[in-house]
There are 2 protein chains.
Amino acid sequence: MSKRYDQYCPVCHALGLVGERWALLVVRELLRGPKRYTDLLEGMPGVGTNVLAARLRELEQGGIVRKRKLPPPAASTVYELTEYGQELEEPLYALARWGARTLGPPGKGDDLYPDWGLNAFAALLNTEAARGVEETYVMRIGDDVYTVQLSDGQVHVESGAVDDADLDAAMGMATFYGMASGELEPRTALEEGRVELFAGKRVNLERFFSIFSFAARDQVTA
Amino acid sequence: MSKRYDQYCPVCHALGLVGERWALLVVRELLRGPKRYTDLLEGMPGVGTNVLAARLRELEQGGIVRKRKLPPPAASTVYELTEYGQELEEPLYALARWGARTLGPPGKGDDLYPDWGLNAFAALLNTEAARGVEETYVMRIGDDVYTVQLSDGQVHVESGAVDDADLDAAMGMATFYGMASGELEPRTALEEGRVELFAGKRVNLERFFSIFSFAARDQVTA
DNA sequence: CGGAATCCTCTTCGATACTG
DNA sequence: CAGTATCGAAGAGGATTCCG
């Protein structure tokens with residue numbers, strides 16, 4: 001059984017469900033779809049198989065994660081978030097934005113986890129600025145390529161590029177981080193040649209980073 | 001030193017700062033103002049003095065908490081949140097709302113922590129519904145009385161009542177929880193005599209709980 | 001009396017090895 | 001592939017003690 005805080009309080013209750021070490025990382029891994037036990041192990045370096053098993057058991061008891069067996073051809077068991085588990089997206093992204101403010105750009109030895117962008121763009125989305133915007137962007141960051149679609153106030157992200165994007169830009173990770181954090185002006189980055197723009201520049205970088213950032217969020221929400 | 005997750009990721013970084021046991025409860029305690037070491041101990045039953053001291057040290061190193069000495073008359077040291085620590089309000093409240101959905105109304109043996117409402121109303125605030133609203137409410141819940149002022153999209157809560165409220169209502173905790181969660185219709189609660197309305201009923205309960213709730217939040221944010 | 005450091009026991013973690 | 005079993009190391013919780 002997981003440790004509890006003996007106090008009647010929503011925060012205590014929430015922490016009783018997902019407050020233990022590794023628990024929220026399991027949620028992060030599952031936010032973008034079901035995964036197998038082994039994939040989870042791989043996505044969370046250092047976890048230790050027994051601890052992962054224990055967390056999954058606790059999360060399952062808490063109604064956050066569900067175990068499911070895939071039909072025969074690929075008869076493996078996967079873990080997925082329940083509806084209640086999916087609702088952790090907002091709190092988790094809020095925490096991620098907060099953390100990103102002091103994270104700093106990645107160094108060369110830092111390992112990004114695969115498909116980091118799938119969560120990143122969703123987390124950075126400024127819902128107020130995105131209202132009514134119907135656009136598609138291709139962002140090529142380091143070795144990763146993402147297509148970000150904005151429609152009806154919702155964001156949809158997937159790996160890879162599409163042809164008819166309103167903006168198609170390539171840059172390094174540190175450059176992206178700088179602009180998303182507000183420390184680096186898109187104009188400056190362009191002048192210094194740190195960003196390369198491809199076909200379909202109907203939308204400029206300023207606009208993109210006014211919608212996706214973790215710096216402006218405070219002013220906007222406040 | 002606190003345990004870390006060896007992965008370059010905002011969530012990992014955030015959890016490295018406030019992911020350890022008791023850390024977020026310290027933040028909860030300090031959100032509404034500075035507190036002394038002993039007050040913290042009291043507000044977090046079960047913490048153990050060494051663990052609290054360790055957490056405070058780690059939070060101080062992380063730039064989340066600051067230690068300050070009060071001037072001579074009451075020469076005691078207090079702990080307070082830094083600006084960066086204050087920015088945890090959004091993530092923490094998001095987590096609290098999520099937790100509240102499965103918390104259920106309090107039983108008789110459950111101890112509410114003192115001044116729970118100061119955080120609760122701020123956490124439940126639906127910013128979209130509050131836009132442009134300039135009103136003051138007095139909520140008498142169980143033995144606690146709070147004045148909730150809405151102005152300029154911001155909420156201000158304090159203990160006690162004022163005279164010129166737009167709504168002044170008294171109810172039990174379970175009734176309040178039911179209405180805030182959306183499980184209990186204010187109309188029904190009134191018919192059953194579970195809510196008592198006092199002078200100044202210019203605003204009805206429906207309106208109040210359309211602004212303060214954790215049930216409707218998902219539809220609104222989505 | 002407020003603000004801790006110390007000591008002790010117990011649980012949990014992380015790593016490796018092993019099994020259906 | 002999907003875990004369980006085991007073991008040393010680290011951390012939590014509780015009580016006591018110390019310092020200003």
Side-chain angles (χ1 to χ4, degrees), chain A residues 1-7 12 15-26 29-30 33-62 65-80 111, chain B residues 1-7 12 15-27 29-30 33-62 65-80 111 114:
Chain A
M1 251 312 156
S2 70
K3 240 166 218 182
R4 296 175 181 285
Y5 301 92
D6 297 331
Q7 206 171 34
C12 298
L15 291 176
L17 292 172
V18 296
E20 241 157 336
R21 192 157 164 72
W22 297 109
L24 276 180
L25 287 193
V26 172
E29 288 296 303
L30 296 181
K35 289 200 173 176
R36 292 176 307 176
Y37 187 88
T38 317
D39 299 331
L40 287 171
L41 269 182
E42 209 172 333
M44 299 154 60
V47 66
T49 85
N50 55 347
V51 176
L52 177 57
R55 287 301 160 273
L56 285 170
R57 214 177 302 125
E58 291 160 11
L59 289 171
E60 211 175 339
Q61 271 187 253
V65 158
R66 186 189 303 130
K67 192 196 282 194
R68 194 162 52 106
K69 289 199 201 308
L70 293 182
S76 61
T77 62
V78 294
Y79 292 89
E80 64 184 3
D111 281 340
Chain B
M1 251 309 155
S2 70
K3 243 167 214 179
R4 295 174 183 285
Y5 302 92
D6 296 331
Q7 206 172 34
C12 298
L15 290 176
L17 291 172
V18 296
E20 242 159 337
R21 191 158 164 73
W22 297 109
L24 275 180
L25 287 193
V26 171
V27 175
E29 289 295 304
L30 296 181
K35 289 200 172 177
R36 294 176 306 175
Y37 186 87
T38 316
D39 299 331
L40 287 172
L41 270 182
E42 207 172 333
M44 297 153 61
V47 66
T49 89
N50 54 349
V51 176
L52 178 57
R55 287 302 160 273
L56 286 170
R57 212 177 304 124
E58 290 160 13
L59 289 170
E60 209 176 342
Q61 272 188 251
V65 158
R66 186 190 303 131
K67 195 196 281 197
R68 194 162 52 105
K69 290 202 202 304
L70 293 182
S76 61
T77 62
V78 294
Y79 293 88
E80 64 185 1
D111 280 339

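The structure displayed is predicted, hence computed values, not measured ones. Below, read A as the first sequence line, B as the second, and so on, with proteins coming before strands; counting in each chain starts at 1.
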Do the non-hydrogen side-chain atoms of B:Leu59 and B:Tyr79 ever get within less than 4.5 Å of each other?
->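 No; the side chains remain at least 4.5 Å from each other.
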State, with a plain yes or no, whether a side-chain heavy atom of A:Leu40 is found less than 4.5 Å away from one of A:Leu30.
->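 They are in side-chain contact.
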N-O pairing of B:Arg55 and B:Glu58 below 4.0 Å =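 Salt bridge between B:Arg55 and B:Glu58, a charged N being under 4.0 Å from a carboxylate O: yes.
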Base of C:dG14 paired with side chain of A:Asn50 (donor-acceptor, under 3.5 Å) |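 Result: at least one qualifying N/O pair found.
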Which of these nucleotides, C:dA5, D:dT4, C:dC13, is closest to any side-chain atom of A:Val51?
->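 The answer is C:dC13.
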For the pair made of [atom1] in [X] and [atom2] in [N], what is the distance, rounded to whole Å?
X: A:Glu60; N: D:dA2; atom1: CD; atom2: P; result: 14 Å
X: B:Met44; N: C:dA4; atom1: CE; atom2: P; result: 14 Å
X: B:Asp6; N: C:dA15; atom1: CG; atom2: P; result: 9 Å
X: B:Arg36; N: C:dA4; atom1: CZ; atom2: P; result: 12 Å
X: B:Leu56; N: C:dA5; atom1: CG; atom2: C1'; result: 14 Å
X: B:Leu52; N: C:dA5; atom1: CG; atom2: P; result: 11 Å
X: B:Glu20; N: D:dG11; atom1: CD; atom2: P; result: 8 Å
X: B:Lys69; N: C:dG2; atom1: NZ; atom2: P; result: 16 Å

Side-chain N or O of [X] versus OP1/OP2 of [N]: is the shortest distance under 4.0 Å?
X: B:Lys67; N: C:dA4; answer: yes
X: B:Thr38; N: C:dG3; answer: yes
X: B:Thr49; N: C:dA4; answer: no
X: B:Arg21; N: C:dT11; answer: no
X: A:Tyr79; N: D:dG3; answer: yes
X: A:Arg55; N: D:dG3; answer: no
X: B:Trp22; N: D:dG13; answer: yes

For the residue pair A:Tyr5 and A:Leu15, what are the closest heavy atoms and their distance?
->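 Looking at all heavy atoms of both residues, the closest pair is CE1-CB, 3.6 Å.
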Grab the two heavy atoms, one from B:Arg36 and one from B:Ser76, that are nearest each other, plus how far apart they are.
->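 It is CD-OG, 3.6 Å.
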